[in-house]
Amino acid sequence: MSPETSVKRVKIADAGRHVGESVEIAGWLYNLRRSGKICFPQVRDGSGIMQCVAVKSALPEELFEKLKDLTQESSLIVRGKIRAEPRAHGGFEMDVESAEIVQRVPESDPYPITPKDHGIDFLMDHRHLWLRSRRQHAILGVRHEIIKGIRDYFDSNGFVLVDTPIFTPAACEGTSTLFEVDYFEDEKVYLTQSGQLYNEATCASFGKTYCFGPTFRAEKSKTRRHLTEFWMVEPEMAYANLEDVKRVGEELICFVIGRVLENRREDLKALERDASKLEAIKPPFHRMTYDDAVKKLQSKGSEIQWGGDFGNTDETLLTDDLDRPVMIDRYPTEVKAFYFQPADDRPEVALGVDFIAPEGYGEIIGGGQRIHDLDLLLKRLDEHKLPREAFDWYIDLRKYGSVPHAGFGMGVERFVSWMCGLEHIRETIAFPRMLYRTRP
RNA sequence: UCCUCAGUAGCUCAACGGUAGAGCAUUCGGCUGUUAACCGAAGGGUUGUAGGUUCGAAUCCUACCUGAGGAGCCA
């Protein structure tokens with residue numbers, strides 16, 4: 001409610017419920033078209049875009065001139081009567097009765113992002129403003145829905161959120177490159193690349209836990225699938241095995257897609273995302289062993305040999321004839337991290353699984369069953385040349401009530417990219433951190 | 001880190017060895033139903049930086065800077 005009038009403040013998205021009423025909306029000028037005696041300020045308020053109509057003959061001279069000379073992205077509050085109007089985009093229009101300009105963008109320094117084309121470098125430099133555009137707004141809306149869906153899935157399936165530290169001592173998995181941070185005198189810590197090892201501790205307290213936060217990779221990856229700072233959700237389950245990981249991962253993906261389709265149709269439409277591609281994602285997902293994946297790739301002309309890891313082109317080749325994700329399990333023990341449980345019948349393969357999304361979106365889930373036997377874990381640490389003293393607490397978990405346990409990690413931005421049908425992961429997070437880009 | 005490509009008006013691009021141009025944005029004028037509105041006019045440039053070749057360089061060469069695409073690595 002505005003202090004100076006009795007007009008009710010409404011969201012543009014709810015305008016349909018106020019046809020015939022005089023209400024007010026508070027927002028920013030999205031675009032303005034004008035003729036001599038009529039103008040159409042389009043106002044966005046975060047929930048939608050409302051086309052307003054200001055007619056010269058129906059308004060005080062001063063107000064009409066003020067509206068007619070508005071500049072893009074000026075902030076304003078407009079009041080008027082809502083009317084159904086098939087000619088307008090949202091289906092409704094507001095006949096302006098009064099308005100206040102909160103801040104007028106000066107024409108000497110106009111809003112830099114015009115409705116015309118811009119290059120990616122310019123847009124990334126103006127990311128703080130680019131977020132207001134319809135497309136970026138839609139992507140972040142889908143991202144919000146995905147994160148909420150993930151949380152709701154775990155919270156309603158017996159998992160407890162226990163967040164893990166961002167600052168970690170040196171060795172986590174011993175594979176990726178980490179960001180080093182000065183930690184007071186003489187001590188170095190590293191930004192986390194995974195909360196998994198800590199999840200293995202917390203799941204022995206709660207049974208099923210998950211952590212959900214940012215993770216950091218200092219690899220100089222320069223591709224459309226990589227950020228140096230990204231969000232990951234990592235569940236971990238005690239008394240669980242590889243099959244449990246596959247079941248939970250499949251359920252999680254289908255649940256979250258269901259939420260997006262239920263609540264974010266308008267955003268998908270704004271993104272011109274083919275929703276039928278998402279509607280096709282239903283259980284059961286495809287299942288394949290690493291052995292069979294290698295055979296499939298070789299038959300399609302890949303150079304891959306048994307024992308090697310899949311590259312980007314391999315991942316795309318594996319799914320280009322599929323309409324839903326494929327779970328690939330039992331990778332060579334050699335290419336996986338030290339903590340993977342080997343298969344009972346074939347110790348040369350590990351009980352790990354990767355979920356590869358269709359349409360070339362690549363690995364979105366990676367996980368598996370962890371080693372629960374103390375002696376085997378110690379052997380693996382030695383084989384990977386990892387110092388036992390750095391893992392003393394992790395080793396303890398195998399001494400005090402060790403049980404078979406399993407879990408996985410899902411990268412949020414890759415999931416968002418897939419849902420939105422994006423070309424590049426940089427649009428999936430408000431302020432992406434990439435090789436050579438840390439501003440704004 | 002490696003390979004490839006690109007830097008020209010605020011933005012998106014053209015000019016490819018011979019006077020630096022268009023659309024959008026901005027300013028001024030016109031228009032009562034526009035949908036990236038339209039029509040007319042104006043202002044706006046050390047062509048990423050530093051060297052070199054040439055009578056003459058945005059254009060050719062070298063180095064550097066910045067960015068993009070890809071590879072590897074990874075989620």
Side-chain angles (χ1 to χ4, degrees), chain A residues 30-42 49 51-59 64 68-69 71-73 83 85-90 93 95 105-126 129-130 133-135 173 175-178 192-196 214-234 308-315 335-337 354-357 361-367 408-418 423-426 428-429 434-437 439:
Chain A
Y30 183 74
N31 200 2
L32 174 71
R33 279 180 280 273
R34 62 188 164 206
S35 294
K37 297 184 178 95
I38 186 169
C39 71
F40 303 93
Q42 292 183 316
I49 296 173
Q51 173 155 286
C52 303
V53 184
V55 175
K56 188 173 186 178
S57 57
L59 293 171
F64 183 80
K68 181 172 78 68
D69 290 332
T71 44
Q72 193 189 358
E73 286 301 318
R83 173 169 48 74
E85 173 54 71
R87 284 175 291 186
H89 267 313
E93 266 184 0
D95 289 317
V105 175
E107 44 274 277
S108 58
D109 189 6
Y111 188 70
I113 302 178
T114 68
K116 290 277 182 180
D117 293 332
H118 299 282
I120 191 64
D121 188 32
F122 178 82
L123 289 171
M124 289 304 298
D125 285 343
H126 294 84
L129 303 175
W130 189 23
S133 75
R134 191 180 285 191
R135 179 182 163 80
E173 296 190 11
T175 50
S176 316
T177 322
L178 308 181
T192 182
Q193 56 151 330
S194 166
Q196 184 212 307
T215 50
F216 307 86
R217 302 285 164 92
E219 266 122 20
K220 295 201 166 180
S221 296
K222 190 170 157 44
T223 83
R224 62 182 68 187
R225 288 179 186 177
H226 289 87
L227 298 168
T228 53
E229 176 183 316
F230 65 98
W231 285 65
M232 190 156 66
V233 60
E234 296 176 276
D309 215 342
F310 303 134
N312 274 359
T313 43
D314 290 327
E315 288 185 352
V335 304
K336 286 291 175 187
D354 285 353
F355 287 49
I356 315 290
Y361 284 97
E363 183 186 340
I364 46 165
I365 282 182
F408 63 89
M410 183 169 85
V412 169
E413 284 76 14
R414 284 205 181 160
F415 198 92
V416 174
S417 195
W418 174 31
E423 288 289 310
H424 202 298
I425 200 165
R426 64 189 158 213
T428 60
I429 185 166
M434 296 177 290
L435 184 63
Y436 309 133
R437 192 177 282 280
R439 289 157 63 88

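Below, each value reflects all heavy atoms present in this structure, side chains not excepted, and no hydrogens, waters or symmetry copies. Chain A is the first sequence line, chain B the second, and so forth, proteins listed ahead of strands; every chain is numbered from 1.
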- Task: Using a heavy-atom cut-off of under 4.0 Å over every strand shown, decide if I113(A) touches base, sugar-phosphate, or nothing.
- Result: nothing
- Message: Applying a 4.0 Å non-hydrogen cut-off, can you work out what Q51(A) is touching in the nucleic acid: base, sugar-phosphate, or nothing?
- Response: base
- Check: T428(A)/H424(A) side-chain N/O donor and acceptor closer than 3.5 Å: no
- Task: Write down the distance between CZ (F216(A)) and C1' (C74(B)), rounded to a whole number of angstrom.
- Result: 16 Å
- Query: For the pair made of CG in L129(A) and P in C11(B), what is the distance, rounded to whole Å?
  - Reply: 14 Å
- Task: Between E315(A) and E85(A), just flag the one whose closest nucleotide in RNA chain B comes earlier from the 5' side.
- Result: E85(A)
- Residue whose closest nucleotide on RNA chain B lies nearer the 5' end, I365(A) versus D95(A): D95(A)
- Task: Pick the C1' atom in A57(B) and in G17(B), then give their distance to the nearest Å.
- Result: 7 Å
- Task: Could you check whether H118(A) gets within reach of a base, just the sugar-phosphate, or nothing at all, counting any heavy atom under 4.0 Å?
- Result: sugar-phosphate
Kindly give the atom pairs (protein nitrogen or oxygen, nucleotide nitrogen or oxygen) under 3.5 Å for nucleotides 65-72 of chain B.
{"from": "G67(B)", "atom 1": "OP1", "to": "Y436(A)", "atom 2": "O", "distance (Å)": "3.1"}
{"from": "G69(B)", "atom 1": "OP1", "to": "R426(A)", "atom 2": "NH1", "distance (Å)": "3.1"}
{"from": "G69(B)", "atom 1": "OP1", "to": "R426(A)", "atom 2": "NH2", "distance (Å)": "3.1"}
{"from": "G69(B)", "atom 1": "O3'", "to": "R224(A)", "atom 2": "NH2", "distance (Å)": "2.9"}
{"from": "G70(B)", "atom 1": "OP1", "to": "R224(A)", "atom 2": "NE", "distance (Å)": "2.2"}
{"from": "G70(B)", "atom 1": "OP1", "to": "R224(A)", "atom 2": "NH2", "distance (Å)": "2.0"}
{"from": "G70(B)", "atom 1": "OP2", "to": "R224(A)", "atom 2": "NE", "distance (Å)": "3.3"}
{"from": "G70(B)", "atom 1": "N7", "to": "K222(A)", "atom 2": "O", "distance (Å)": "3.4"}
{"from": "G72(B)", "atom 1": "O6", "to": "K222(A)", "atom 2": "N", "distance (Å)": "3.1"}
{"from": "G72(B)", "atom 1": "N1", "to": "K220(A)", "atom 2": "O", "distance (Å)": "3.2"}
{"from": "G72(B)", "atom 1": "N2", "to": "K220(A)", "atom 2": "O", "distance (Å)": "3.3"}

- Item | Rounded distance in Å between the C1' positions of C28(B) and G70(B) | 49 Å
- Query: With sugar-phosphate meaning primed atoms plus P, OP1 and OP2, does S57(A) contact a base, only sugar-phosphate, or nothing at under 4.0 Å between heavy atoms?
  - Reply: base
- Message: Looking at L227(A), is its backbone amide N or carbonyl O close enough to the side chain of R217(A) to form a donor-acceptor pair, meaning the two atoms are under 3.5 Å apart?
- Response: no
- For C11(B), which nucleotide in any strand shown is its Watson-Crick or wobble partner with both distances under 3.5 Å? G23(B)
- Item | Cationic N near anionic O, under 4.0 Å, R83(A) to E85(A) | yes
- Task: Provide the distance between the two C1' atoms, one in G45(B) and one in A58(B), to the nearest whole Å.
- Result: 11 Å
- Message: Keeping Y30(A) on the side-chain end and S133(A) on the backbone end, is there a donor-acceptor pair under 3.5 Å?
- Response: no
- Message: If I pick the P atom on G10(B) and the same atom on G43(B), what distance separates them, to the nearest angstrom?
- Response: 16 Å
- Task: Whole angstrom is fine here: how far is it from CG in D117(A) over to P in U12(B)?
- Result: 9 Å
- N/O donor-acceptor pair under 3.5 Å between T215(A) side chain and F230(A) backbone: yes
- Message: Please report the distance separating the P of A41(B) from the corresponding atom of C24(B), rounded so that it comes out in whole Å.
- Response: 12 Å
- Under-4.0 Å salt bridge between K336(A) and D354(A): yes
- Pair T114(A), Q72(A): side-chain N/O donor-acceptor within cut-off below 3.5 Å: no
- Go along nucleotides 23-31 of chain B 5' to 3' and tag each nucleotide: B for a protein heavy atom under 4.0 Å from its base, S when only backbone or sugar atoms are that close, - otherwise. -SSSS---B
- How far does the C1' atom of U26(B) sit from the matching atom of A9(B), given to the nearest Å? 12 Å
- Using the C1' atom in both, what is the distance from C73(B) to G48(B), to the nearest Å? 31 Å
- Pairing nucleotide - U66(B), Watson-Crick or G-U, each distance under 3.5 Å: A6(B)
- Task: Report which part of the nucleic acid G409(A) touches: base, sugar-phosphate, or nothing (heavy-atom distance under 4.0 Å, all strands).
- Result: nothing
- Shortest non-hydrogen contact between P214(A) and T192(A), atoms and distance: O-CG2, 3.7 Å
- Only one of E363(A), E413(A), E315(A) passes side chain to side chain contact (heavy atoms under 4.5 Å, CB included) with R225(A), and that residue is E315(A)
- Task: Determine the interatomic distance between C1' on G69(B) and the same-named atom on C31(B); round to the nearest Å.
- Result: 46 Å
- Query: Does one side chain, of Q196(A) or E234(A), offer a donor that lies under 3.5 Å from an acceptor on the other?
  - Reply: no
- Is there a side-chain contact between H226(A) and M434(A) (heavy atoms, below 4.5 Å)? no
- Query: For U32(B), which nucleotide is its Watson-Crick or G-U wobble mate, given both distances must be under 3.5 Å?
  - Reply: none
- Task: Examine distances only and state if a side-chain atom of H126(A) and a backbone atom of F122(A) form a donor-acceptor pair shorter than 3.5 Å.
- Result: yes
- Just how far, in rounded Å, is P of U34(B) from CD of Q42(A)? 13 Å
- Query: What integer distance in Å separates L178(A):CG from C74(B):C1'?
  - Reply: 12 Å
- Item | Pair assignment for C73(B), Watson-Crick or G-U wobble, requiring both distances under 3.5 Å | none
- Gap between atoms CZ and C1', on R217(A) and U1(B) respectively (whole Å): 19 Å
- Query: What is the pairing partner of U59(B), taking Watson-Crick or G-U wobble pairs with both distances under 3.5 Å in any strand?
  - Reply: none
- Query: Whole-Å distance between G48(B) P and F122(A) CZ?
  - Reply: 18 Å
- Over how many whole Å does the gap from D125(A) atom CG to G10(B) atom C1' extend? 13 Å
